[in-house]
Amino acid sequence: SLKPSNGVYFGVVTLAESRQGTLTLVNNGALRTDFSLEVLRASDGTEEAPSGPFTLPLGGRVEGYGQTDLVFGFHPTIEGVSMVDLRLRFATPDVDEMIIRLEATGGKVPIAVEREVVDLRTCVYGQTYREKMVIMNRGKTALKCSMRIRPSLEGSLVFSPDLLYCQGGETSYFNATFNPTEGLLKRLGKYANEETGVMEVPMRVNVPDQVLPVNFIFRAKLCTSALSFSPPSLDFHRCPLAESVVTTLHVTNLSLLTQKFGFVNLPREVSVEPQKGFGTLLPNETVALTIRWSPSFVGPVDANLTVRTLLVDKTYTVPYKAVCLTSPLVLNNNRVVLPATAWHATSTHSVEVKNVSKHSQMFEFAPPPGSHLTISPLVTTLTPGSLARIQFDFTPKLPPLPKPVKEVPIEEEERPKSGNIQPKTPKTPGGKNKKGAVVEEEPPQEEEKEDPNAEWPDDGFSGNPQDFCSNLTIRVPCYVKSHNGGSDITLYTEVLASIIEAKAALDPIKEPRPPAQL
């Protein structure tokens with residue numbers, strides 16, 4: 001017989017802890033017998049552990065009129081109820097089998113974390129981030145808790161306070177302060193991916209009075225906050241006084257976060273466009289900025305442009321250098337604004353060029369191809385103190401379309417047979433060939449005449465002229481040759497022009513009314 005006869009109930013056992021239960025097997029006969037235990041069914045059984053979280057004795061022997069204790073153990077690894085049914089067999093044939101049931105409940109550990117993964121998302125090197133780590137006590141007594149930090153995170157991650165007591169049924173928290181540095185990913189080794197910048201570090205809360213450790217994952221994605229400039233330094237070269245030099249600066253955001261930037265404390269000679277040097281860069285975005293230098297004094301310049309960002313309040317410097325020269329020629333106006341001009345019409349404007357040096361100066365204007373500009377004269381030599389009048393003629397013309405090529409069908413008579421090419425018979429004067437056959441001559445084609453009443457000149461254009469209307473900004477260089485064999489100087493004239501479509505409408509002539517008859 002068994003005492004107790006209803007099996008063993010272990011009650012609620014905290015995860016990772018152990019508890020034992022005992023059954024007493026009593027032999028009421030005079031003969032001793034051997035016995036063994038066999039698992040019938042188990043709620044959490046596996047092939048490796050058929051009895052699940054329970055430990056069983058393999059078997060034994062009970063003496064006549066004696067008794068022995070059967071000791072069972074329960075070691076839960078998951079929360080919930082676990083059961084197992086056992087069959088008790090005896091070596092004596094006339095003794096019946098017995099069924100034993102073991103039942104227990106795996107309970108929650110008292111101390112647990114609110115979040116198993118603490119994700120700080122994207123973090124920038126050199127910045128400080130703070131997060132609250134909540135600790136829960138599901139037990140009834142206060143327990144001591146402390147944080148364990150890996151050596152590779154020392155100096156970058158700090159928890160405060162170092163030690164706390166979490167009261168039963170309440171919550172407490174640690175304050176985490178994270179300050180990532182450039183070499184952190186390399187120090188973490190297998191817990192970090194240097195290509196993606198993601199770190200996932202296993203962490204642990206030490207609870208001396210709790211067997212099961214409290215683990216969680218500390219996760220973050222690290223990136224830089226740097227901007228890159230291409231080219232790293234600017235060279236405006238030589239520029240005459242009262243002129244401007246323009247160059248392009250590419251700014252790239254190397255960070256995974258959006259950041260704002262701005263050019264601050266710019267000298268009066270430098271301007272940045274667009275938006276006066278202020279803007280917002282998306283992650284890994286590149287923008288092209290136009291840097292214009294307009295010197296106000298003669299001499300070399302070697303200075304820096306200052307760029308600041310708001311993401312980490314970082315300051316960058318972009319060095320630039322240039323040389324300002326005195327121009328021997330002066331234009332009375334280096335910006336020409338032309339009125340709106342119709343297709344095939346002409347707008348004219350004039351500027352004056354004066355030689356303010358003590359030597360004769362030769363200069364040449366070079367209008368860009370396709371600009372519809374005609375400048376006269378293009379090349380001129382000015383004596384000291386003299387001036388010349390330069391005329392700009394703007395005549396926009398519609399672009400001609402290529403004429404379609406007509407395909408001439410090959411007559412069957414002229415096609416070669418069996419791959420043999422038959423030579424053509426040459427013609428002789430009088431409309432006969434050498435063989436004497438009469439050959440009909442093709443009539444000459446009449447030349448196409450221009451229609452004087454056409455709306456547009458016949459220049460081969462077919463289309464809608466309105467599709468080609470636009471506003472143009474043309475930069476015309478003027479090359480001034482040095483008189484002493486030095487470097488040439490280039491002056492620029494900016495021409496603003498607009499092309500419109502000419503339309504004319506005639507109002508119908510109304511006939512006069514006849515005088516009223518009296």
Does [X] reach the side chain of [Y], with side-chain heavy atoms less than 4.5 Å apart?
X: Y316; Y: L227; value: yes
X: L249; Y: P231; value: yes
X: M203; Y: L157; value: yes
X: I291; Y: V318; value: no
X: L143; Y: C166; value: no
X: L184; Y: L153; value: yes
X: I474; Y: P367; value: no
X: T493; Y: C478; value: no

Crowded around [X] [atom1]? As in, over 12 foreign heavy atoms under 6.0 Å?
X: R308; atom1: CZ; result: no
X: E195; atom1: CD; result: no
X: E285; atom1: CD; result: yes

* Asked: Are D209 and T141 close enough, and set up right, to give a side-chain contact (heavy atoms from CB on, under 4.5 Å), and what steps lead you there?
  -> CA-CA 10 Å; D209 296 332; T141 60; over 6 Å; no
* Asked: Per the side-chain contact (heavy atoms from CB on, under 4.5 Å) rule, which among T177, N179, T181 passes with S156?
  -> T181
Smallest separation among heavy atoms of [X] and [Y], with atom names:
X: A112; Y: V214; value: CA-CG1, 4.1 Å
X: L311; Y: S255; value: CD2-OG, 4.1 Å
X: P57; Y: L37; value: O-CD1, 3.4 Å
X: P180; Y: C123; value: CG-CB, 4.4 Å
X: L338; Y: A497; value: CD1-CB, 4.2 Å
X: S51; Y: V39; value: CB-CG2, 4.3 Å

Where the side chain of [X] meets the backbone of [Y], is there a donor-acceptor pair that is under 3.5 Å apart?
X: Q259; Y: T309; answer: no
X: N27; Y: E63; answer: yes
X: T341; Y: P339; answer: yes
X: S43; Y: M83; answer: yes
X: N304; Y: T317; answer: no

* Is there a salt bridge (charged side-chain N to carboxylate O under 4.0 Å, His left out) between R101 and D85 once you walk through the steps? -> CA-CA 5 Å; R101 166 163 291 191; D85 291 335; 2.9 Å; yes
* To do: Take N137 and Q167 through the test side-chain contact (heavy atoms from CB on, under 4.5 Å) and record every step on the way to the result.
  => CA-CA 7 Å; N137 188 352; Q167 302 298 322; 5.7 Å; no
* Evaluate side-chain contact (heavy atoms from CB on, under 4.5 Å) for F35 paired with V95, printing each intermediate quantity in order. => CA-CA 10 Å; F35 64 89; V95 179; over 6 Å; no
* Indicate whether any N or O donor in one side chain lies under 3.5 Å from an N or O acceptor in the other, for E273 and T290. => no
Enter the distance from [X]:[atom1] to [Y]:[atom2] here, rounded to the nearest 0.5 Å.
X: R219; Y: R115; atom1: CZ; atom2: CZ; result: 13.0 Å
X: L164; Y: M147; atom1: CG; atom2: CE; result: 9.5 Å
X: E182; Y: L222; atom1: CD; atom2: CG; result: 9.5 Å
X: Y492; Y: R475; atom1: OH; atom2: CZ; result: 5.5 Å
X: S244; Y: E494; atom1: OG; atom2: CD; result: 9.5 Å
X: I135; Y: E114; atom1: CD1; atom2: CD; result: 9.5 Å

* According to the interplanar angle, ranging from 0 to 90°, do the rings of F10 and F54 count as parallel (below 30°), tilted (30 to 60°) or perpendicular (above 60°)? -> tilted
* List the steps, then state whether side-chain contact (heavy atoms from CB on, under 4.5 Å) holds for V270 with F263. => CA-CA 10 Å; V270 179; F263 287 76; over 6 Å; no
* Asked: Below 4.0 angstrom, N of the basic side chain to O of the carboxylate: do D34 and R61 qualify?
  -> yes
* For the ring pair (Phe, Tyr, Trp, His ring centres under 6.0 Å) test, which of Y191, F178, Y129 pairs with F218? -> F178
